[in-house]
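Heads up: the structure comes next, in structure tokens.
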Amino acid sequence: SILVQLSMCKEARVAMYNSEGVAEWVCEALAKSGLELEAAATVARNLSDLGGQDNRPAMLKGGIVGALASVLQRENDLESQGVNAALFALANIASHNASRPRLLRLPGLVHALVRVLKASEPNSKPLRGALVTLTNLSCHKENRVEMMDQGLTDLLITLSLTAGPETKHLEATLIMLVNISAVKECRVPMVEGGAAEAAVAVVQSSEAAGAACTKNLEIALKVVQNLSAHPDTGASLISRGAP
């Protein structure tokens, strides 16, 4: 597609997005399948990437995010180029801090990302893409309680317990747990939900794996540190094996 080629020029990405008919074509083509879907998702990824930072809030406002979420909901081949380009675009758009609260509350987006998390193979590209998007969303303080209320911490705990200490997606999972546990009102429910045991398990497996897993070890310890900052979690943490 000529639009794919044009969108590869980062200096022209803002102007291209603002060109008449481009955003509308992306939305319409994302509802299609095959090569047309793949081209539209690739254009969305490129236009939201470096040089296209100013496009990110406009893509949310213009309905492209909702169209990208629909791709994740209906496509069965999560390893396809179209799905992975859609995930890359969503991760880019979610890096726009002011848009993060609205993104989290956009109907269907979290559900679509959770679908990818549950259906993806360990350490796969779609799994990491969905985690990066959610990690970006968790960087906004207003989103953290909402993410816990939507059940994301339970899913993150499961992912951290099933991930090997050297898997690439474990780091993003732990960073989200750190971000959410930084909020005081999240700490007791997280401990009761098993976050402490999960963090301790990562600490133990990372220590056993050696120097290659030092970063995940440090992040897991930060989760424990955050959880211990609440006056009502100390005894529970000790009983759960916290260091």
Side-chain angles (χ1 to χ4, degrees), residues 90-91 94-95 97 100-106 109-120 122-123 127-209 213-243:
L90 287 170
S95 67
N97 190 55
R100 286 168 176 161
R102 185 178 169 193
L103 281 166
L104 184 69
R105 292 155 182 83
L106 187 74
L109 178 59
V110 171
H111 188 271
L113 292 168
V114 168
R115 175 183 183 263
V116 175
L117 293 182
K118 290 181 175 180
S120 297
N123 214 29
L127 177 61
R128 295 198 301 272
L131 283 170
V132 169
T133 301
L134 288 167
T135 301
N136 286 344
L137 295 179
S138 75
C139 290
H140 199 293
K141 293 180 180 179
E142 289 183 18
N143 284 349
R144 294 170 183 172
V145 173
E146 178 69 18
M147 293 180 80
M148 183 184 71
D149 290 344
Q150 291 195 30
L152 285 168
T153 50
D154 295 335
L155 182 55
L156 295 173
I157 289 166
T158 300
L159 285 171
S160 65
L161 287 170
T162 56
E166 297 182 13
T167 53
K168 294 179 180 180
H169 66 270
L170 178 58
E171 181 180 338
T173 303
L174 291 170
I175 289 172
M176 269 190 280
L177 289 173
V178 168
N179 289 342
I180 297 171
S181 65
V183 180
K184 182 178 179 180
E185 54 263 47
C186 293
R187 291 169 182 158
V188 171
M190 287 182 70
V191 171
E192 293 174 347
E197 288 96 336
V200 170
V202 172
V203 169
Q204 293 171 343
S205 63
S206 298
E207 286 178 334
C213 300
T214 299
K215 188 171 185 180
N216 286 337
L217 169 64
E218 292 173 348
I219 302 171
L221 287 171
K222 180 62 177 177
V223 175
V224 175
Q225 180 183 346
N226 284 351
L227 295 175
S228 68
H230 195 288
D232 297 333
T233 60
S236 294
L237 286 168
I238 293 172
S239 69
R240 288 167 166 81

Name the atoms and distances for all side-chain donor-acceptor pairs under 3.5 Å in residues 155-163, with sequence neighbours left out.
unit_1	atom_1	unit_2	atom_2	d
T158	OG1	D154	O	3.1
S160	OG	L156	O	3.3
S160	OG	I157	O	2.8
T162	OG1	T158	O	3.0
T162	OG1	L159	O	3.2

For residues 171-183, dump all side-chain donor-acceptor pairs below 3.5 Å to protein atoms at least two apart in sequence or in another chain.
unit_1	atom_1	unit_2	atom_2	d
E171	OE2	K215	NZ	3.0
T173	OG1	H169	O	2.9
N179	ND2	S138	OG	2.9
S181	OG	L177	O	2.8
S181	OG	V178	O	3.0
S181	OG	N226	ND2	3.1

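The side chain to side chain contact (heavy atoms under 4.5 Å, CB included) search around V110 returns L104, V114, Q150, L152, not counting sequence neighbours. Scored by the side chain to side chain contact (heavy atoms under 4.5 Å, CB included) test, Q225 finds K222 as partners (sequence neighbours excluded). Remark: R100 pairs with S95, N97, N136, L137, C139, H140, N143 by the side chain to side chain contact (heavy atoms under 4.5 Å, CB included) rule, at least two apart or across chains. Under the side chain to side chain contact (heavy atoms under 4.5 Å, CB included) criterion, K168 pairs with N123, R128, sequence neighbours left out.
Inter-residue side-chain proximity for L90 and L109 is flagged as met; some heavy-atom pair is nearer than 4.5 Å.
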Worked check of side chain to side chain contact (heavy atoms under 4.5 Å, CB included) between V145 and C186: CA-CA 6 Å; V145 173; C186 293; 3.8 Å; yes
Working for side chain to side chain contact (heavy atoms under 4.5 Å, CB included), residues L117 and L134: CA-CA 10 Å; L117 293 182; L134 288 167; 3.6 Å; yes
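L103 and A94 make their closest contact through CD1-CA, 3.6 Å (heavy atoms, listed as atom of the first residue, atom of the second, distance). Pairing each heavy atom of R187 with each of A229, the nearest pair is NH1-CB, 3.5 Å. The minimum heavy-atom distance between A220 and V202, with the atom names listed, is CB-CG1, 3.7 Å.
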